[in-house]
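Side chains are part of it too, since the values below use all heavy atoms of this structure and drop only hydrogens, waters and symmetry mates.
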Amino acid sequence: MLPGDCDLHALADRAKTKQWERGDETMMSLLRLAGEGPDDFLDEDYASRKAELQAASLDLSAQVFQYWKQNEDLTVVFDTDLVPTPPDTNNQPQPHHRLLKIELRDDRHGGVETNFSTRSTGFQWFFSFLAAFSAYRDTDERVVVLLDEPGTSLHGEAQGDFLRYVYSELGPKQQVLYL
């Protein structure tokens, strides 16, 4: 499952060493799906960073909501926030870190934006699945994707959306087995 926010500096550092923490690889897949990397959102120039965030948000929204039809009034919104880091062991100040915030704008409810982590378990699973498994969709390496009871947190129509994604995006390039 993707988290609702992510420390981009820490993710970029872990990506260099491939010493992943839980959820890092899915977050990296999400960023790749949006055509970005963690460093792309660290620009100090506000206008440049905001343009990059908006472009990634629009691109990702188009891909996700091509399949998720339960609420077509949702839009993915990437934003960043600068947060202080605790002092080091010598009580020396440390540079601030930039958090990537994954939010969803719901135009059905007046354009309210809420953090991804507050959405339904089914939506979080679906969105995380699309992010994680897009890596298999975009590779020429042949793999077998084995899914044990996928989408159990989804209701019937959302399970249909999930199967449409599997057949349209994964099926043409990879062998997919699900039980």
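Clustering of Ile, Leu, Val, Met, Phe, Trp and Tyr by side-chain heavy atoms under 4.5 Å joins Val83 with Leu99. The other residues sharing a hydrophobic cluster with Leu146 are Val144, Leu177, where clustering joins ILVMFWY side chains under 4.5 Å apart. Clustering of Ile, Leu, Val, Met, Phe, Trp and Tyr side chains at separations under 4.5 Å leaves Leu58 isolated, with no partner residue.
His9 has its side chain within reach of Leu42: a pair of non-hydrogen atoms, C-beta onward, lies under 4.5 Å apart. Residues Thr114 and Glu103 fail the side-chain proximity criterion, which asks for heavy atoms closer than 4.5 Å. No side-chain heavy atom of Phe116 sits under 4.5 Å from any side-chain heavy atom of Asp5. Thr80 places a side-chain heavy atom less than 4.5 Å from the side chain of Leu8. Leu130 is not listed as a side-chain neighbour of Gln63, based on a closest heavy-atom distance of 4.5 Å or more. Leu53 has its side chain within reach of Leu100: a pair of non-hydrogen atoms, C-beta onward, lies under 4.5 Å apart. The closest side-chain heavy-atom distance from Asp107 to Leu74 is not below 4.5 Å. Side-chain contact check for Tyr167 versus Val176: every heavy-atom pair is 4.5 Å or farther apart.
Put simply, the side chain of Glu113 never gets that close to the backbone of Val77: no donor and acceptor are under 3.5 Å apart. Side chain of Ser61 to backbone of Val76: a donor-acceptor contact under 3.5 angstrom is found. Checking side-chain atoms of Asp7 against main-chain N and O of Ala10 turns up a donor-acceptor pair under 3.5 Å. The backbone N or O of Lys101 sits nowhere less than 3.5 Å from a side-chain atom of Asp79 that would complete a donor-acceptor pair. Under a 3.5 Å cut-off, the side chain of Ser57 and the backbone N or O of Phe78 do form a donor-acceptor pair.
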For residues 11-18, run the donor-acceptor check on the side chains, cut-off 3.5 Å, and write out each pair with its distance to 0.1 Å, sequence neighbours left out.
unit_1	atom_1	unit_2	atom_2	d
Arg14	NE	Asp24	OD2	2.5
Arg14	NH2	Asp24	OD1	3.0
Arg14	NH2	Asp24	OD2	3.3
Thr17	OG1	Arg14	O	3.3
Thr17	OG1	Gln19	N	3.4

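Aromatic ring centres of Trp68 and Phe123 lie closer together than 6.0 Å.
In this structure, Arg22 places its CZ atom where only 12 or fewer heavy-atom neighbours from other residues, nucleotides or ligands lie under 6.0 Å away.
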* **Test log, rule side-chain hydrogen bond (donor to acceptor under 3.5 Å, both in side chains), inputs Ser134 and Arg32** => CA-CA 9 Å; Ser134 66; Arg32 277 192 302 276; over 6 Å; no
* Would you sort out whether Tyr67 and Ser168 count as a side chain to side chain contact (heavy atoms under 4.5 Å, CB included), showing the intermediate values? => CA-CA 10 Å; Tyr67 293 100; Ser168 299; 3.4 Å; yes
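Considering every non-hydrogen atom in both Ala132 and Ser29, the closest pair reads O-OG, 3.8 Å. Residues Phe41 and Arg49 come closest through the heavy atom pair O-CD, 3.2 Å. Minimum interatomic distance between Gln124 and Ser117 (heavy atoms only, all atoms of both residues): NE2-O, 3.1 Å. Residues Ala56 and Glu36 come closest through the heavy atom pair CB-CG, 3.7 Å. When every heavy atom of Phe126 is checked against every heavy atom of Ala158, the shortest pair comes out as CE1-O, 4.3 Å. Across all their heavy atoms, Pro150 and Phe162 have their closest contact at CB-CZ, 3.6 Å.
Partners of Ser48 according to the side-chain hydrogen bond (donor to acceptor under 3.5 Å, both in side chains) rule, which considers only residues two or more places apart in sequence or in another chain, are Asp43.
No option in Leu147, Thr26, Leu33 other than Leu147 meets the side-chain contact (heavy atoms from CB on, under 4.5 Å) test with Phe133.
Taken from CG in Leu2 to CD1 in Ile102, the straight-line distance is 5.0 Å, to the nearest 0.5 Å.
Under the side-chain hydrogen bond (donor to acceptor under 3.5 Å, both in side chains) criterion, the residue pairs touching residues 154-165 are Gln70-His155, Gln70-Asp161, Asp161-Arg164, with sequence neighbours excluded.
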